[in-house]
Amino acid sequence: MPELPEVETVVRGLSRHIVGQKIKHIHIPAKTSFKGTAKMAEGLKIKKITRRGKGIIIDLAKDQTILVHLKMTGQLIYVPSLRGGKPTKQSGLPRYARNDEKRLNYGHPTDDFTNTMPSKHTRVWFELSKGNLYFNDQRRFGWVKSVATKDALKDKFFAGLGVEPFDTKFTPAFLYVAIQRRPKSNIKAIILDQSLVTGIGNIYSDEALFYARIRPTRLGRSITKPDSTRLVGAIKKVLTKGIKYSGTSINTHRTPEGSMGRMQGYLAVYDRKGLPCRGTCKGKVEKIRLNGRGTHFCPSCQK
DNA sequence: TGCCCCCTGCAG
DNA sequence: CTGCAGGGGGCA
């Protein structure tokens, strides 16, 4: 579920809360969600937390690393505990997280945040020196891996990633050339390809194409240099906005504090089927199926 | 370079 | 009950 802005939100939150803490023990209620040897990471201090594409990299002392991919429904939730160690009833959830749910009235019936951690969706949890970090994953597509730091970027997922959208290498010229190499693919499939540019997913691809005024169905062959230029700008713009609002919480995305992102209130087309276009055109947002994904666009603004 | 699949739960 | 969901791997 999470795309670059959601993953970035999680990385920033975790960086504030758990860097410097020690991993005392790793609990693994769902064996298939964890790869590698947990023992290698236990007893080590958390040094740095970064992101590559939609993947999370937690560097530990002694050249050990924990890799995490949230896939569709993964969450990383940190619950500080007064005394550290195992969670207690009292440690539960931060109060502000529960209040947030109540105030927004957007909680899911099965939302883990109406419960205490670990929840029934907790697949892996880290007992830290001053609290607990929970990896929850309803659909079990996500994973946690324990690897040597030198092997982290050799991991199959990380090794296949292309340029970061905020890297200076992601330019209109770069994108234009890449698009011309795929003349028969539609533009949405091209910008979703993680081996070209990383971090764009289904929400932000629809959003970026809207702001670039390009129909998602357009073939690579038809994309001009001006189109590419607008698209690069639009991609940076929507990802920046997503980060600013702590990501999109239409469904399961939460910050490490348990709060929802707010970007769902600012989407132009995604999840807005039949609603008026946010532009001046008075058109209605259409939803089609493209490459097997729900795809939203304004037929009047996007050509 | 497209399709089916992994899995769980909600909306219609 | 069927279809659909912020991802991506493995397979023609």
Side-chain angles (χ1 to χ4, degrees), chain A residues 1-11 29-33 35 51-56 67-76 106-112 114 119-123 135-145 155-162 165 178-179 181-208 217 219-221 235 238-239 241-243 245-255 260-264 266-267 269-274 287-296:
Chain A
M1 59 115 313
E3 307 178 32
L4 188 151
E6 290 74 36
V7 176
E8 180 66 24
T9 298
V10 169
V11 165
K31 304 300 175 210
T32 52
S33 297
K35 315 283 182 196
R51 174 191 65 70
R52 178 81 174 90
K54 302 171 196 170
I56 298 170
L67 302 175
V68 182
H69 201 302
L70 303 173
K71 290 290 184 84
M72 295 287 266
T73 56
Q75 307 171 324
L76 282 170
Y106 207 96
H108 234 240
T110 57
D111 200 315
D112 284 339
T114 57
S119 79
K120 71 171 175 178
H121 296 124
T122 299
R123 310 303 183 196
F135 173 68
N136 304 328
D137 185 19
Q138 176 184 112
R139 294 174 72 180
R140 303 169 182 254
F141 289 169
W143 44 254
V144 178
K145 294 183 189 180
D155 174 90
K156 188 182 292 171
F157 169 76
F158 288 94
L161 296 177
I179 291 171
R181 280 198 293 263
R182 296 185 60 176
K184 294 194 280 194
S185 299
N186 60 69
I187 187 62
K188 177 165 174 176
I190 296 173
I191 62 172
L192 281 175
D193 181 353
Q194 303 297 299
S195 70
L196 177 62
V197 53
T198 66
I200 303 165
N202 206 35
I203 294 179
Y204 296 94
S205 61
D206 285 3
E207 293 294 298
T217 46
L219 265 25
R221 177 197 340 275
I235 286 170
V238 297
L239 295 178
K241 195 166 164 186
I243 294 169
Y245 290 112
S246 302
T248 304
S249 292
I250 287 172
N251 205 333
T252 53
H253 165 64
R254 295 296 183 277
T255 73
M260 302 198 317
R262 301 176 309 282
M263 182 64 185
Q264 62 277 15
Y266 302 89
L267 296 174
V269 287
Y270 187 86
D271 201 31
R272 300 195 69 245
K273 176 185 172 185
K287 182 175 182 186
I288 60 170
R289 190 143 280 267
L290 184 61
N291 316 317
R293 319 290 302 272
T295 298
H296 313 71

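Below, read A as the first sequence line, B as the second, and so on, with proteins coming before strands; counting in each chain starts at 1.
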Interatomic distance where CZ belongs to R182(A) and P belongs to dT1(B) [whole Å]: 5 Å
Bracket string, DNA chain B, 5' to 3' - pairs by Watson-Crick or G-U geometry under 3.5 Å, | interstrand: ||||||.|||||
Candidates dG2(B), dG8(C), dT8(B) - which lies nearest the side chain of Q194(A): dG8(C)
Atom pairs, protein N/O to nucleotides 9-12 of chain C N/O, distance under 3.5 Å:
residue, atom, partner, partner atom, Å
dG10(C), OP1, K156(A), NZ, 3.0

Distance, P atom - from dC7(B) to dC11(C), rounded to whole angstrom: 16 Å
Interatomic distance, L192(A) CG vs dA5(C) C1' [rounded to whole Å]: 15 Å
Spacing between F158(A) atom CZ and dG8(C) atom P, to the nearest angstrom: 10 Å
Short side-chain donor-acceptor distance under 3.5 Å, E207(A) and Y266(A): no
Side-chain donor/acceptor of R293(A) to base of dA5(C), under 3.5 Å: no
Exercise: identify the closest heavy-atom pair between L196(A) and A178(A): CD1-CB, 3.3 Å
For V269(A) against H296(A), the heavy-atom pair lying closest together: O-CB, 3.4 Å
Short side-chain N/O contact to dG2(B) OP1/OP2 from S185(A), under 4.0 Å: yes
W143(A) and F157(A) aromatic ring geometry - parallel, tilted or perpendicular at 30°/60° bounds: perpendicular
T73(A) and D137(A) side chains, donor-acceptor separation under 3.5 Å: yes
Spacing between L219(A) atom CG and dT1(B) atom P, to the nearest angstrom: 12 Å
Rounded interatomic separation in angstrom, taking CG from N202(A) and P from dA5(C): 8 Å
R182(A) side chain vs L219(A) backbone, donor-acceptor pair below 3.5 Å: no
Candidates dT1(B), dC6(B), dA5(C) - which lies nearest the side chain of F141(A): dC6(B)
Touch class at under 4.0 angstrom, heavy-atom based, for G292(A) against every strand present: nothing
Interatomic distance, I191(A) CD1 vs dG8(C) P [rounded to whole Å]: 14 Å
Side-chain N or O of K287(A) closer than 4.0 Å to phosphate OP1/OP2 of dA5(C): yes
Heavy-atom pair of closest approach, residues I200(A) and L192(A): O-CD2, 3.7 Å
Base dC7(B) paired with R139(A) side chain (donor-acceptor, <3.5 Å): yes
Whole-Å distance separating the CG atom of N251(A) from the C1' atom of dC4(C): 11 Å
For atom CG of N291(A) and atom C1' of dC3(B), their distance in whole Å: 11 Å
Under 4.0 angstrom between R289(A) side-chain N/O and dA5(C) OP1 or OP2: yes
Under 3.5 Å: donor-acceptor pair, side chain of Q194(A), backbone of G160(A): no
Result of checking V238(A), I191(A), L4(A) against P165(A) for side-chain contact (heavy atoms from CB on, under 4.5 Å): L4(A)
Nucleotide nearest K54(A) (side chain, heavy atoms from C-beta), chosen from dG7(C), dC7(B), dG9(B): dG7(C)
Whether T248(A) side chain and I250(A) backbone form a donor-acceptor pair below 3.5 Å: no
